[in-house]
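In this text, all values refer to a predicted model and were calculated from it rather than measured experimentally.
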Amino acid sequence: MTYSYYKNMQVNNIIFVYQGEVTAELVSSILHMMENKLDGDGEDKKIKKKVFNVMVECLQNVYHHLDTLEVSVDDTEVNDRTALLMIGKEEKDYYVITGNHVLNERVAALRSRLEKVNSCDKNELKNLYQSILNDGELSEKGTAGLGMIDIARKSGQKLGYDFHPVSDKYSFFSLEAKIARY
Amino acid sequence: MLEALKIEPTHKTPKVYLDPKENHFEVSGRSIPEDSVGFYKRILDWIDEYANQPNPETEFKFELEYFNTSSSKNILELLKKLEKIHLEGKGKIHITWYYDEDDEDMEETGEDYKALLNVPLDLIMKVY
């Protein structure tokens, strides 16, 4: 049993996986651990910075989102505000995957934001970032709607995403960002 | 003269050293707190006070290693407050944005700010 988990992670190039509640302390611990891991692996400084930056945005994104998700007691499928956080290292790329529940009513807006980000080239992303930075209002938590754009800019690749319907109320949203290793 | 604001760095928040007496203004290190509004409030309030009686010339230095998007908005706000001092002629402001030679993302971030501001801002590459 344990061996099959181990093999499965190894075959899929997963270096870190977590499923559970996401707290600020947990996010800090993961970042700290992954930074040590990247240092220990002797990863190129430039790549290390990009991976770390993308991890910060992806993980904090999930943390802020779950923090604002109103969950009622009868929502058994999301009652513990859990999420999936996964980091992998393939031959060509590092990847950061997050998965969490979102309200169905938010899916359309999220999907269109992601489509917009994925339709932009490098220069368009820069312009979009600057215009939101300059005009956008900060939410109470200080999130500025810049996260996805920033992830796309630093990743340099298209973002992968999926919305899996879970119930009348929720979908499971997954986001995948890749960072080329060279 | 306004009392200095000095905040020690942590693994998530930058070193902040704002001292009008020494004419030393610096934000350096990492800025990746979950609650960036909470962290930057003190700094922005301090700049508001400083704007009442700024030094004739202020050299403001940013030397950031990492920062998250939630900090980016607060840093823009800080820069806009400095820009205002400059444009109103209360004091000359000069901003320097340092980045590592291999850190094109931090260079681009500096360019983003430069594009949005009307205040002298130099991007300087640190070579090792």
Side-chain angles (χ1 to χ4, degrees), chain A residues 22-29 31-32 35-36 44-64 66-67 122-123 125-156 179, chain B residues 9-14 29-44 63-81 83 97-119 121 125-128:
Chain A
V22 178
T23 61
E25 291 71 29
L26 178 90
V27 170
S28 300
S29 305
L31 291 173
H32 190 64
E35 190 177 23
N36 286 340
D44 179 75
K45 199 173 159 204
K46 185 175 165 176
I47 304 301
K48 187 196 126 187
K49 274 197 172 182
K50 273 192 189 285
V51 174
F52 189 77
N53 268 314
V54 170
M55 283 192 304
V56 169
E57 286 307 319
C58 289
L59 267 46
Q60 291 188 344
N61 205 20
V62 171
Y63 166 75
H64 285 301
L66 292 179
D67 210 39
K122 193 171 187 280
N123 218 17
L125 280 174
K126 188 183 178 84
N127 291 336
L128 187 63
Y129 185 94
Q130 287 183 5
S131 85
I132 294 182
L133 178 62
N134 204 25
D135 306 332
E137 286 294 311
L138 266 194
S139 75
E140 202 178 306
K141 292 269 171 189
T143 49
L146 291 167
M148 303 281 185
I149 307 169
D150 188 65
I151 294 166
R153 278 180 93 180
K154 286 177 178 142
S155 150
I179 305 101
Chain B
T10 70
H11 62 287
K12 276 198 196 174
T13 53
R30 309 175 157 207
S31 183
I32 53 169
E34 281 86 23
D35 178 15
S36 59
V37 173
F39 179 77
Y40 278 95
K41 185 168 188 313
R42 269 176 82 188
I43 302 165
L44 295 171
E63 196 168 346
L64 292 165
E65 184 193 3
Y66 289 115
F67 84 153
N68 59 1
T69 52
S70 133
S71 296
S72 65
K73 197 87 187 167
N74 287 287
I75 290 173
L76 178 64
E77 212 173 313
L78 199 173
L79 289 168
K80 284 199 165 169
K81 286 182 190 294
E83 177 190 43
W97 184 271
Y98 290 92
Y99 61 93
D100 281 350
E101 58 179 331
D102 55 0
D103 194 349
E104 58 185 35
D105 291 322
M106 198 54 78
E107 180 184 8
E108 283 200 9
T109 303
E111 287 171 0
D112 289 339
Y113 286 130
K114 198 175 165 70
L116 297 173
L117 294 160
N118 188 13
V119 65
L121 190 159
M125 181 168 83
K126 290 186 290 173
V127 183
Y128 297 101

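The residue from A/Lys50, A/Lys46, A/Lys154 that alone fulfils the salt bridge (Lys or Arg N to Asp or Glu O under 4.0 Å) condition with B/Asp105 is A/Lys50. When each of A/Leu146, A/Leu59, A/Asp150, A/Val56 is checked for a side chain to side chain contact (heavy atoms under 4.5 Å, CB included) with B/Asn68, only A/Val56 meets the rule.
With chain A as partner, the option from B/Glu111, B/Met106, B/His11 having the largest number of non-hydrogen pairs under 4.5 angstrom is B/Glu111. Of all the listed residues (B/Asp100, B/Asp112, B/Asp102), the one sharing the greatest number of non-hydrogen pairs under 4.5 Å with chain A is B/Asp112.
The two atoms that bring B/Leu76 and A/Leu133 nearest to each other are CD2-O, 3.4 Å, heavy atoms only. Between B/Lys73 and A/Asp135, the shortest heavy-atom contact is NZ-C, 4.1 Å. A pairwise comparison of heavy atoms in A/Gln130 and B/Ala115 identifies OE1-CB, 3.7 Å as the closest pair.
Residue B/Glu65 holds its CD atom at 8.0 Å from CZ of A/Phe52, rounded to the nearest 0.5 Å. The structure places CD1 of A/Ile151 at 7.5 Å from OG1 of B/Thr69, a figure rounded to the nearest 0.5 Å. A distance of 6.5 Å separates OG1 of B/Thr109 from CZ of A/Arg153, quoted to the nearest 0.5 Å.
Electrostatic pairing of B/Asp103 and A/Lys49 counts as a salt bridge here, judged by a charged N lying under 4.0 Å from a carboxylate O. Between A/Lys122 and B/Glu104, no side-chain nitrogen of the basic residue sits less than 4.0 Å from a carboxylate oxygen of the acidic one, so the salt-bridge criterion is not met.
Formation of a donor-acceptor pair under 3.5 Å by the B/Glu34 side chain with backbone atoms of A/Ser28 is not found in this model.
The environment of A/Lys45 atom NZ is dense: over 12 non-hydrogen atoms of other residues, nucleotides or ligands sit within 6.0 angstrom.
B/Phe67 touches chain A through its backbone: at least one of N, CA, C or O sits under 4.5 Å from a heavy atom, while the side chain does not.
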